[in-house]
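The block underneath contains the structure these notes are about, expressed in structure tokens.
Each ligand, and each atom within it, is numbered from 1 in the order the structure gives. None of these values were measured; they are calculated from a predicted model.
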Amino acid sequence: MTVLLDPQSVSNRSLLDGIQGNILKSHGRPYTANIFIHCRPNHVDEAKTWLHSLVEGEDALIQSGYAQLRSNLLHKDNPAIDTGLFACIHISAAGYCYLFNDQKVKLFKDPSFRKGMKHKDVIKELNDPTLDEWESGFRKENHFMLLLAYTNEDRLTAIVDQINRAIQSFADVTTISWGNALKNEEGAGIEHFGYVDGISQPLFFLDEWETYKQNNNVKDEAQIKYDPRADKKLVLVQDPFLPNDTSALGSYFVFRKLEQNVKGFKQAEANLAGKLAFKEEDDKERAGAMLVGRFEDGSPIELNPNPGLINSALLNDFTYDSAVNSRCPFHGHIRKTNPRVGPVEEGVQVANNRVMARRGIPFGRRTDGPNDGNIYNKPTGKVGLLFMSYQASIKDQFEFVQTGANSTAQGKDPVIGQGTGDSVGDFAKIWDDPNTLKSASFDEFVHLKGGEYFFAPSMSFLKRIDTL
Ligand code: HEM
């Protein structure tokens, strides 16, 4: 039985004070600057002093998970309140090596973190493009990634300039990935292919669970079909530098800049609709929904052959019948990345132990309407998703999910699957009719431009860094 955190309870205060924000709950701001930093040799003391300064004093740039919850709540009650800047810092294995030494990096249990995303074994395991295809800033050795987020884009830009000045004596900014949220006409957050994103997330807090039940019309908890409740252990681990401090927790963090060829994807959706001889507009939309697992408005295709379900952008209380693929195909992105059904251990569905707290944000600007139904005006690049996730194990969560998505068994994930293998999957011409299944292939329209594995250290680590 999962115990959810009550944000109002004082007994959770030390836990929330001890962690950085954005791990258990998204910072929720629409603009981000993800600043990648490389420290020059022989400036270790300055680098440590700067990290310490991020959490020092009343006006510290980085506030705790507790402070973030508080500012989110203030904003919820009065959207006119400026929730201000949000910041959190992430350190790579190379960063820990720079600050301490190789031996200290061994304290981290996650083997993938210790290798880093650029390691040849990781690239091979994930079928990632080789380094020569990555953007130059990501090919460099990045020690830190400072994430800044704000509702005000101009102020964010000004703060990025201040950071540049603060670090210039000891470090270089190798690249900045700017994120900007995209919304559909109903105000729901979408990704560049036009689909509502961020619906299915592990929930750590009691208030989130109450809202979830309302949104999904759950009257009786015993009747829920998909349980999103998660223990903090899904994303939090002991900060290895402070093994005896129970409130010193951190989280492994994945960053991937994924470019989306929107025109290619939309064309492939139309080609699939043609192949399945879909004539009606709703059927055409179903072609795309069979790639993602949800319609653009978020309606799960497992529940209905058409979009437009009430509260579609929040619906998540459904599961799959493991023998049936004529509603949601086995390869549909959300089914491939979270099959929902499967064995249960200690009261928790095993598949639920693989999911991550996803904190991605789109990047790139466009002038067309993402949901306007046109193909000719869609971008072929320079837009995409800054995929970010927190987890307790990069190997057992992010990498497990990505390699599963790459697997051609029952069809590769048409959104994020990578690799040269056969990418054929089965699609039902008529929803829920297994006799109408027809196989079709699809290409890859999402391409990795670079990224890194990091650790989001505890607040105590940052406060005590000069003594460690
Ligand atoms: C450009 C790349 C990507 C796009 C366009 C994309 C799009 C989406 C969309 C539209 C959803 C449905 C909304 C929701 O249920 O929250 C979704 C869900 C999800 N995505 Fe992605 N995604 C991308 C990358 C990734 C990556 C790299 C991973 C992990 C390796 C991933 C894992 C997931 C998971 C776990 C879910 C929730 C599944 C569920 O619980 O039902 N996605 N994604």
Going by distance alone, is a donor N or O of one side chain under 3.5 Å from an acceptor N or O of the other, for [X] and [Y]?
X	Y	result
Thr174	Asn142	yes
Ser112	Glu399	yes
Arg29	Asn22	no
Asn261	Asp443	no

Using a plain distance cutoff, I'd like to know if [X] has any nitrogen or oxygen under 3.5 Å from a nitrogen or oxygen of ligand 1.
X	result
Arg340	yes
Asn316	no
Arg294	yes
Gly198	yes
Asn338	yes

Quiz item: At a non-hydrogen distance cut-off of under 4.0 Å, which region of Arg256 contacts ligand 1 (side chain, backbone, both, or neither)?
Solution: neither
When you measure from the centre of the six-membered ring of [Y], is the NZ or CZ of [X] closer than 6.0 Å and no more than 45° off the axis?
X	Y	result
Arg359	Tyr390	no
Arg354	Phe400	yes
Arg256	Phe387	no
Lys257	Phe363	yes

For [X], the ligand 1 atoms whose distance to one of its heavy atoms is below 4.0 Å:
X	value
Gln402	27 (C), 30 (C)
Tyr195	10 (C)
Val196	10 (C), 12 (C), 13 (C)

Quiz item: Which one of Phe295, Phe265, Phe398, Phe318 has a non-hydrogen atom at the shortest distance from atom 30 (C) of ligand 1?
Solution: Phe398
Quiz item: Hey, does Val401 sit under 4.0 Å from ligand 1 if you only count heavy atoms?
Solution: yes
Quiz item: If only atom types and distance count, is the side chain of Asp297 paired as donor or acceptor with the main-chain N or O of Pro307 below 3.5 Å?
Solution: no
Self-check item: Taking atom 40 (O) of ligand 1 as the reference point, the nearest protein heavy atom with its distance
Solution: Ser200 OG, 2.6 Å
Practice problem: Please work out which of the three classes, parallel, tilted or perpendicular, describes the rings of His331 and Phe442, given edges at 30° and 60°. | Solution: tilted
Quiz item: Out of Phe108, Phe253, Phe461, which one pairs with Phe455 under the ring pair (Phe, Tyr, Trp, His ring centres under 6.0 Å) rule?
Solution: Phe108
Quiz item: Between Phe255 and Phe36, is the ring centre distance below 6.0 Å?
Solution: yes
Practice problem: Sum up the protein N, O or S atoms located under 2.8 Å from atom 21 (Fe) of ligand 1. | Solution: 1
